[in-house]
Protein chains: 2
Amino acid sequence: MNVEEIIKTSKEIPLEPRTLIHMQLVHNKINETMNSALKPFEVSLQQFNVLRILRGQKGQPANLSTLNERMVTKMSNTTRLVDKLLIKGFVDRAVCPSNRRKVEIVITESGLKALEQMDASLEKAHEEIYQNFNTEDLEKLNELLDKF
Amino acid sequence: MNVEEIIKTSKEIPLEPRTLIHMQLVHNKINETMNSALKPFEVSLQQFNVLRILRGQKGQPANLSTLNERMVTKMSNTTRLVDKLLIKGFVDRAVCPSNRRKVEIVITESGLKALEQMDASLEKAHEEIYQNFNTEDLEKLNELLDKF
DNA sequence: CACATACATTTGTATATACAAATATTGTTT
DNA sequence: AAACAATATTTGTATATACAAATGTATGTG
């Protein structure tokens, strides 16, 4: 990926802003790849993220605030995100009996099955995304990202 | 930045997905910082981006396809983006005389002045974002990002 | 136990973005 | 020149996201 070529500029950009642009371009590319990997399942990255969190609960229900807390990208509206998963039948929702302010959300069998297929599709996306990386590169990258 | 802590997970995540999550978290953080740096001027990052491209034209007008080509994040709707800059008086728009399908967009004096202030504000954002980085880190990071 | 306060979620609304179709202009072909 | 294709932008519409206000429930205090 050549930054200057992609944004069609001839002059070289100072390191600080260049890094920000670079990050943005990589982010766009990753997003595109992952979204198209999820396209066949008609779920967004956010919805996929929620399903993964719910699976991690191993049967235990999660409420909206828990979901929001664990989501990579915080959304201001988790209710409507869950609504969409509900329509697809990937989750169930019920009012929490011990505290009726809360809602309990669990992933359904159908959701788990779909999630498995999504995982496989994302595995392929990983191969595509990381084709130029070795383990050492990835470790170094994670180390540098920690500095942010 | 500790990935596991932010998304509140106890188990460790494999390197490949972890890197993607890490990238997303850093992207969110950068975005937040930059947007709040631009908030006083009531322009979005995209709008700022367009203004910068127009300044780079050094008086020469740019048409919509040129803008779209040079934008970091491609937008499906540059027309409405420019509309908003027009309302703020930061750009002028005119039909191209030699090819009336095209529109010529230029940055105004007022736009240039505002842009200078935005630059100063973003300089401060850089300091905040890069406080843990040295030049070597940034060079290494750019090198690794090129692998995507 | 009435009251205020805190909590968890939902709803309303404004704005942003994505995608497709429509419009207007220009260039090309016969 | 009429017909068609190509180009540049605009418009329509559906969906996504951000933010604030509203709703319903629980908890603590006098």
Side-chain angles (χ1 to χ4, degrees), chain A residues 8 24 27-29 31-36 38-39 41-51 53-54 61-88 91-106, chain B residues 8 24 27-29 31-36 38-39 41-51 53-54 61-88 91-106:
Chain A
K8 320 261 192 242
Q24 180 76 57
H27 173 259
N28 293 158
K29 188 176 177 184
N31 238 260
E32 234 171 79
T33 309
M34 295 193 62
N35 269 318
S36 67
L38 290 175
K39 193 147 206 177
F41 309 99
E42 306 232 38
V43 295
S44 67
L45 252 168
Q46 299 273 34
Q47 291 176 33
F48 171 70
N49 196 205
V50 169
L51 289 177
I53 293 169
L54 290 174
N63 54 43
L64 287 179
S65 12
T66 309
L67 284 182
N68 212 17
E69 196 177 72
R70 301 202 183 158
M71 261 190 267
V72 181
T73 301
K74 267 62 183 164
M75 279 246 314
S76 42
N77 210 325
T78 316
T79 302
R80 285 185 270 231
L81 191 55
V82 170
D83 282 346
K84 274 157 215 153
L85 292 171
L86 206 65
I87 291 168
K88 296 187 185 93
V91 302
D92 273 338
R93 172 161 59 182
V95 174
C96 173
S98 67
N99 186 341
R100 283 169 38 224
R101 285 174 299 186
K102 297 186 181 180
V103 291
E104 293 186 330
I105 300 145
V106 290
Chain B
K8 320 262 191 242
Q24 179 76 57
H27 173 259
N28 292 159
K29 189 175 176 184
N31 238 260
E32 236 170 77
T33 309
M34 297 194 61
N35 269 319
S36 68
L38 290 175
K39 193 149 206 176
F41 309 100
E42 305 232 39
V43 294
S44 65
L45 252 166
Q46 298 274 32
Q47 290 176 34
F48 171 71
N49 196 206
V50 168
L51 289 177
I53 293 169
L54 289 173
N63 55 43
L64 286 179
S65 9
T66 309
L67 284 182
N68 211 17
E69 193 176 74
R70 300 203 184 158
M71 263 190 267
V72 180
T73 302
K74 266 61 182 165
M75 280 245 314
S76 42
N77 208 326
T78 316
T79 303
R80 286 186 269 231
L81 191 54
V82 170
D83 282 346
K84 275 158 213 153
L85 293 170
L86 205 66
I87 291 168
K88 296 186 185 96
V91 303
D92 274 339
R93 173 162 57 181
V95 174
C96 173
S98 67
N99 184 341
R100 284 169 38 224
R101 284 173 300 186
K102 296 186 182 180
V103 290
E104 293 185 331
I105 300 146
V106 288

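Lettering follows sequence order; numbering is per chain, from 1. Keep in mind the model is a prediction, meaning the values are calculated, not measured.
Between D/dC19, D/dT9, D/dT17, one nucleotide has an atom nearer to the side chain of A/Gln46 than all others, and that is D/dT17. Which of C/dT17, C/dT9, C/dG12 sits closest to the side chain of A/Arg80 comes down to C/dG12. Between C/dC19, D/dA16, D/dA18, one nucleotide has an atom nearer to the side chain of A/Asn77 than all others, and that is D/dA18.
Here A/Lys84 reaches the OP1 or OP2 of D/dA16: one of its side-chain N or O atoms lies under 4.0 Å away.
A/Leu45 has its CG atom 17 Å from the P atom of C/dT17, to the nearest Å. Rounded to whole angstrom, the span from the CG atom of B/Asn35 across to the P atom of C/dA16 amounts to 11 Å. Rounded to whole angstrom, the span from the CG atom of B/Asp83 across to the P atom of D/dG12 amounts to 13 Å. The CG-C1' distance, from B/Asn63 to C/dT26, rounds to 14 Å in whole Å. Between the P atom of C/dA16 and the CG atom of B/Leu38 lies a distance of 13 Å, rounded to the nearest Å. In this structure, B/Ile87 atom CD1 and C/dA14 atom P are separated by 16 Å, rounded to whole Å. Summarising the geometry, the separation between CG on B/Asn28 and P on D/dT17 is reported as 12 Å, rounded to the nearest angstrom. With rounding to whole Å, A/Leu81 atom CG is found 13 Å from D/dT15 atom C1'.
Judged purely by atom type and a 3.5 angstrom limit, B/Thr66 has no side-chain atom pairing as donor or acceptor with the backbone of B/Ala62.
Going from atom CD1 of B/Ile53 over to atom CZ of B/Phe48 covers 10.5 Å, rounded to the nearest 0.5 Å.
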Next on the checklist: A/Arg93 vs A/Glu104, test: side-chain contact (heavy atoms from CB on, under 4.5 Å). Steps then yes/no.
Outcome noted: CA-CA 6 Å; A/Arg93 172 161 59 182; A/Glu104 293 186 330; over 6 Å; no

Checklist entry - B/Leu64 and B/Lys102: side-chain contact (heavy atoms from CB on, under 4.5 Å), yes or no, with the steps? => result CA-CA 8 Å; B/Leu64 286 179; B/Lys102 296 186 182 180; over 6 Å; no

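Of all the residues in residues 92-105 of chain B, B/Arg93, B/Arg101, B/Lys102, B/Val103 reach under 4.0 Å from DNA chain D with at least one non-hydrogen atom. Contacts between residues 65-72 of chain A and DNA chain D, counted as heavy-atom distances below 4.0 Å, involve no residue at all.
The two residues A/Gln46 and A/Thr73 come nearest to each other via the heavy atoms OE1-O, 3.6 Å. Counting all heavy atoms, side chain and backbone alike, A/Gln47 lies closest to A/Glu42 at OE1-O, 4.2 Å. Nearest heavy atoms, A/Val91 versus A/Leu86: O-CD1, 3.2 Å. Nearest approach of A/Leu45 to A/Leu38, heavy atoms of both residues: CA-CD1, 3.8 Å. Taking all atoms of both residues into account, the shortest heavy-atom contact from A/Val50 to A/Met71 is CG2-SD, 4.1 Å.
Residues B/Ser44 and A/Ser76 both approach DNA chain C. Their nearest nucleotides, taken by heavy-atom distance, put A/Ser76 toward the 5′ side.
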